[in-house]
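Keep in mind that the numbers below use all heavy atoms, side chains included, and drop hydrogens, waters and symmetry copies. Note that ligands are numbered from 1 as they come in the structure, with each ligand's atoms numbered from 1 the same way.
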Amino acid sequence: MDSSSTIQGAAEVDADLMRRTLRAMIEARTLELKLSALYKAGKIVGGVYLGTGQEAFSGTLGCCLSRGRDLFAPLIRDQAGRSGFGEDLLDATRTYLGSALGPMKGRDGNIHRGRPADGLLAMISHLGTAVSVVSGMLVARRMKGELDGVVGATCVGDGATSTGSFHEGLNMAAVEQLPLVVLVADNQYAYSTPRERQFACDSLIDRAKGYGVAGHEIDATNFRECQEVISRAVSA
Ligand SMILES: Cc1ncc(C[n+]2csc(CCOP(=O)(O)OP(=O)(O)O)c2C)c(N)n1
Ligand SMILES: [Mg+2]
């Protein structure tokens with residue numbers, strides 16, 4: 001990285017990554033405001049899920065990955081990550097509006113959409129399932145001799161870290177030394193269950209330590225911190 005493509009600060013951050021992430025964040029917020037208005041007007045059935053406040057965190061991850069090479073399993077608050085990964089806005093709007101022209105051909109709604117052939121997994125459930133699925137896909141790539149340079153990534157919530165699938169997937173990734181990045185958005189609640197009713201460890205970083213993998217805690221609303229830490233995790 002030469003100095004013309006970086007912005008000087010406490011640590012160097014790639015200026016191109018910053019620009020692409022900001023674009024993804026703005027695109028996601030603009031789309032979600034529109035989707036929310038359409039939902040309130042009764043034009044969307046099911047639900048609309050918003051990533052308000054998580055855009056820097058999610059968008060940075062999507063922009064650090066490469067569509068067609070890497071694997072990305074977004075969850076409900078990851079429109080910014082999807083935009084950063086290169087999901088077409090039409091894929092989002094067509095799925096929300098139930099169009100047969102969408103990637104799920106009108107058979108599934110809202111965030112249950114993806115382009116698996118491009119590495120964008122269709123969302124399964126809100127919780128830790130994607131950790132196991134992405135780990136398994138990375139093992140499959142390795143068996144086919146296609147793992148070189150590939151990163152698998154997913155986002156989950158604090159509540160998801162208490163599910164069996166999260167633990168099994170993370171353990172397998174650690175034992176097999178898979179190139180897996182898991183972002184945990186700790187918004188203090190899983191539905192109405194507060195942190196203290198979900199886990200007894202002091203910090204969710206302890207979960208990573210327990211499996212022998214690196215863990216970093218960041219303020220997900222701090223753009224610079226997201227850029228520095230997530231880009232390092234993806235390129236590690
Ligand atoms: C295995 C499973 N159990 C329960 C649910 C129902 N459910 C959907 S979202 C949610 C809470 C998730 O909380 P968290 O992981 O903290 O994510 P947040 O919504 O706070 O971002 C639950 C219990 C589910 N989708 N899957
Ligand atoms: Mg939560």
Side-chain angles (χ1 to χ4, degrees), residues 24-25 28-29 31-33 35-36 39 44-62 72-85 87 92 95-96 104 107-114 120-137 152-173 180-208 210-211 213 215-222 225-226 229-230:
M25 291 167 67
R29 180 72 68 95
L31 172 67
E32 289 191 338
L33 286 173
L35 291 172
S36 167
Y39 179 70
I44 291 177
V45 291
V48 167
Y49 302 94
L50 305 177
T52 315
Q54 286 186 202
E55 289 102 337
F57 179 70
S58 174
T60 299
L61 178 63
F72 179 39
L75 275 120
I76 59 172
R77 306 185 197 287
D78 288 313
Q79 182 55 49
R82 288 173 177 275
S83 292
F85 194 68
E87 181 186 66
T95 307
Y96 266 106
M104 314 318 283
R107 290 184 296 222
D108 219 331
N110 52 62
I111 45 0
H112 296 282
R113 62 178 195 272
L120 183 63
L121 276 64
M123 208 199 98
I124 311 153
S125 161
H126 187 76
L127 304 185
T129 322
V131 180
S132 293
V133 171
V134 177
S135 294
M137 290 178 78
T154 187
C155 299
V156 297
D158 47 300
T161 69
S162 300
T163 62
S165 199
F166 173 88
H167 292 277
E168 290 170 28
L170 195 57
N171 188 54
M172 183 166 91
L180 174 73
V181 175
V182 179
L183 260 55
V184 179
D186 178 7
N187 59 9
Q188 321 279 309
Y189 283 90
Y191 277 175
S192 55
T193 308
R195 286 172 113 244
E196 59 274 18
R197 299 294 302 147
Q198 289 181 59
F199 46 85
C201 47
D202 289 335
S203 160
L204 284 176
I205 296 300
D206 296 342
R207 302 267 211 230
Y211 289 109
V213 300
H216 308 275
E217 195 164 346
I218 56 174
D219 172 357
T221 64
N222 182 317
E225 264 188 66
C226 291
V229 176
I230 296 170

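Distance check, rounded to the nearest 0.5 Å: CE of Met123 to OH of Tyr49 gives 8.0 Å. In this structure, CD in Glu55 is found 11.0 Å from OG1 in Thr60, a value given to the nearest 0.5 Å.
When every heavy atom of Thr95 is checked against every heavy atom of Asp108, the shortest pair comes out as CG2-O, 3.5 Å. Residues Ala80 and Met25 share a closest heavy-atom pair of CB-CA, 4.4 Å.
Of all the atoms in ligand 1, the ones that sit under 4.0 Å from a non-hydrogen atom of Gly159 are 14 (P), 15 (O), 16 (O). The Asn187 neighbourhood of ligand 1 comprises atoms 18 (P), 20 (O), 21 (O), with distances under 4.0 Å to a heavy atom of that residue.
For Arg207 and Ser162, the side-chain atoms include at least one donor-acceptor pair closer than 3.5 Å. No hydrogens or angles considered: nothing links the side chains of Ser36 and Glu32 as a donor-acceptor pair under 3.5 Å.
Checking only distances, Arg77 does come within under 3.5 Å of ligand 1, N or O to N or O. Every N/O-N/O distance between Ile76 and ligand 1 stays at or above 3.5 Å. Among the atoms of Leu127, none of the N or O lies under 3.5 angstrom from an N or O of ligand 1.
The O atom of Tyr189 and the OD1 atom of Asp158 meet at the Mg ion (ligand 2) at an angle of about 110°, given to 10°.
Taking backbone and side-chain atoms together, Gln188 has no N/O/S atom less than 2.8 Å away from the Mg ion (ligand 2).
Summarising the contacts of atom 22 (C) of ligand 1 with Phe166, Tyr189, Tyr191, Tyr49, the nearest heavy atom is found in Tyr191.
Ligand 1 has at least one atom lying under 4.0 Å from a heavy atom of Asp158.
A salt bridge links Arg195 and Asp186; the closest N-O separation between the charged side-chain nitrogens and carboxylate oxygens is under 4.0 Å.
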